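The structure under discussion appears below in the form of structure tokens.
A quick note: this is a predicted structure, and the numbers were derived from the prediction, not measured. We're numbering straight along the sequence, starting at 1.
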Amino acid sequence: MDASADDSHTGETEKQRLDRNLDELLAELRVALPGVQVLFAFLLVLPFNQRFPELSSFQRGTYFVTLLLATAASICLIAPTAHHRIEFRARDKKRIVFGATRLSIVGLTLLALAMSGAVLLITDFVYAGTTAAITSAGVVLLFALLWYAIPIKRLLDSR
């Protein structure tokens with residue numbers, strides 16, 4: 001979102017707006033990070049479960065892709081913190097905020113895919129076939145609708 005387009009806090013200087021945007025972004029990441037951390041931890045211990053050898057080749061592939069998606073989500077969602085720590089003295093908060101926003105959106109997308117993959121893996125292991133496909137498609141649809149379609153529609157409507 002363009003910082004200049006945010007007129008909900010009139011009277012703010014650009015610096016104040018960027019400070020507020022960064023604070024809001026970091027608060028949002030504090031909500032997302034525990035989810036990706038729990039999922040990542042689950043995926044890390046899964047191969048050490050006694051029943052892991054029973055997974056089909058499809059389930060092992062799903063596991064591996066889901067592990068990589070959760071790893072990438074963690075990287076993207078934690079990256080804004082690293083960027084801020086490294087760049088904060090450069091006095092270019094605008095670039096930090098906009099870059100962090102992009103990384104957060106990518107990270108949330110990867111997290112949605114990883115969570116969908118985890119649902120697919122578990123549902124396929126427990127029920128197999130059609131149930132797994134329908135359940136996973138429903139989860140992907142919910143993510144697409146609630147995380148993307150609704151806010152994008154509101155954004156477009158407000159313009």
Side-chain angles (χ1 to χ4, degrees), residues 1-3 6 17-88 90 92-128 131-156:
M1 183 168 126
D2 181 11
D6 182 6
R17 184 174 20 260
L18 290 170
D19 286 342
R20 179 178 51 80
N21 289 161
L22 183 60
D23 287 344
E24 290 173 358
L25 178 66
L26 294 174
E28 292 162 359
L29 289 175
R30 283 186 201 102
V31 172
L33 279 171
V36 75
Q37 290 169 329
V38 168
L39 177 59
F40 190 58
F42 162 75
L43 292 168
L44 288 176
V45 300
L46 190 61
F48 302 103
N49 186 304
Q50 292 175 346
R51 294 186 67 190
F52 190 78
E54 297 175 24
L55 266 57
S56 68
S57 61
F58 171 77
Q59 292 165 341
R60 284 179 186 269
T62 302
Y63 165 78
F64 185 64
V65 169
T66 301
L67 176 66
L68 293 177
L69 288 167
T71 302
S74 296
I75 291 167
C76 289
L77 293 173
I78 295 170
T81 302
H83 288 205
H84 181 258
R85 270 303 94 205
I86 292 168
E87 300 179 45
F88 78 100
D92 193 3
K93 193 168 278 187
K94 185 174 185 175
R95 189 180 67 205
I96 293 170
V97 170
F98 283 84
T101 297
R102 284 186 212 100
L103 282 167
S104 298
I105 292 168
V106 170
L108 289 170
T109 301
L110 292 166
L111 176 58
L113 293 170
M115 292 172 72
S116 300
V119 168
L120 175 61
L121 174 63
I122 293 166
T123 309
D124 191 65
F125 184 77
V126 175
Y127 297 106
T131 302
I134 291 170
T135 303
S136 300
V139 168
V140 169
L141 184 64
L142 278 173
F143 276 122
L145 180 67
L146 296 175
W147 283 20
Y148 298 98
I150 291 172
I152 289 171
K153 183 182 181 325
R154 286 182 186 157
L155 185 63
L156 293 173

Do you know which two heavy atoms are closest between [X] and [Y], and how far apart they sit?
X      : Y      : result
His83  : Leu103 : CE1-CD1, 3.6 Å
Cys76  : Gly107 : CB-CA, 3.5 Å
Phe58  : Leu120 : CZ-CD2, 3.9 Å
Ala32  : Leu77  : CB-CD1, 4.3 Å
Leu146 : Pro151 : O-CD, 3.8 Å
Asp124 : Gln59  : OD2-NE2, 3.0 Å

From [atom1] ([X]) to [atom2] ([Y]), nearest 0.5 Å:
X      : Y      : atom1 : atom2 : result
Lys93  : Arg17  : NZ    : CZ    : 13.5 Å
Phe42  : Ile122 : CZ    : CD1   : 4.0 Å
Leu111 : Ser116 : CG    : OG    : 9.0 Å
Arg30  : Thr81  : CZ    : OG1   : 8.5 Å
Leu110 : Met115 : CG    : CE    : 13.0 Å

Checklist entry - Does CZ in Phe64 sit with more than 12 non-hydrogen atoms of other residues, nucleotides or ligands closer than 6.0 Å? => result no

Using the side chain to side chain contact (heavy atoms under 4.5 Å, CB included) criterion, which residues pair with [X]? Sequence neighbours excluded.
X      : result
Val65  : Leu69
Thr123 : Val119, Tyr127, Thr131, Ala132, Thr135
Leu145 : Ala149, Ile150
Ala70  : Leu39, Phe40, Leu43, Ala114

Item to check | Worked verdict on Leu113 versus Val140 for side-chain contact (heavy atoms from CB on, under 4.5 Å) | outcome: CA-CA 8 Å; Leu113 293 170; Val140 169; 5.7 Å; no

If you look only at pairs with a residue in [range], which of them pass as a side chain to side chain donor-acceptor pair (under 3.5 Å), with sequence neighbours excluded?
range            : answer
residues 42-54   : Arg51-Glu54
residues 137-153 : Thr109-Tyr148, Lys153-Asp157
residues 60-70   : none

Next on the checklist: For a 4.5 angstrom cut-off between non-hydrogen side-chain atoms, does Leu22 reach Leu18?
Outcome noted: no

Checklist entry - Can you find a heavy atom in the side chain of Glu24 that is under 4.5 Å from one in the side chain of Asn21? => result yes

Checklist entry - Who are the side-chain hydrogen bond (donor to acceptor under 3.5 Å, both in side chains) partners of Arg102, not counting sequence neighbours? => result none

Item to check | salt bridge (Lys or Arg N to Asp or Glu O under 4.0 Å) against Asp23, all qualifying residues, sequence neighbours excluded | outcome: none

Checklist entry - Got a sec, which pairs hit salt bridge (Lys or Arg N to Asp or Glu O under 4.0 Å) with one end in residues 62-79, sequence neighbours left out? => result none

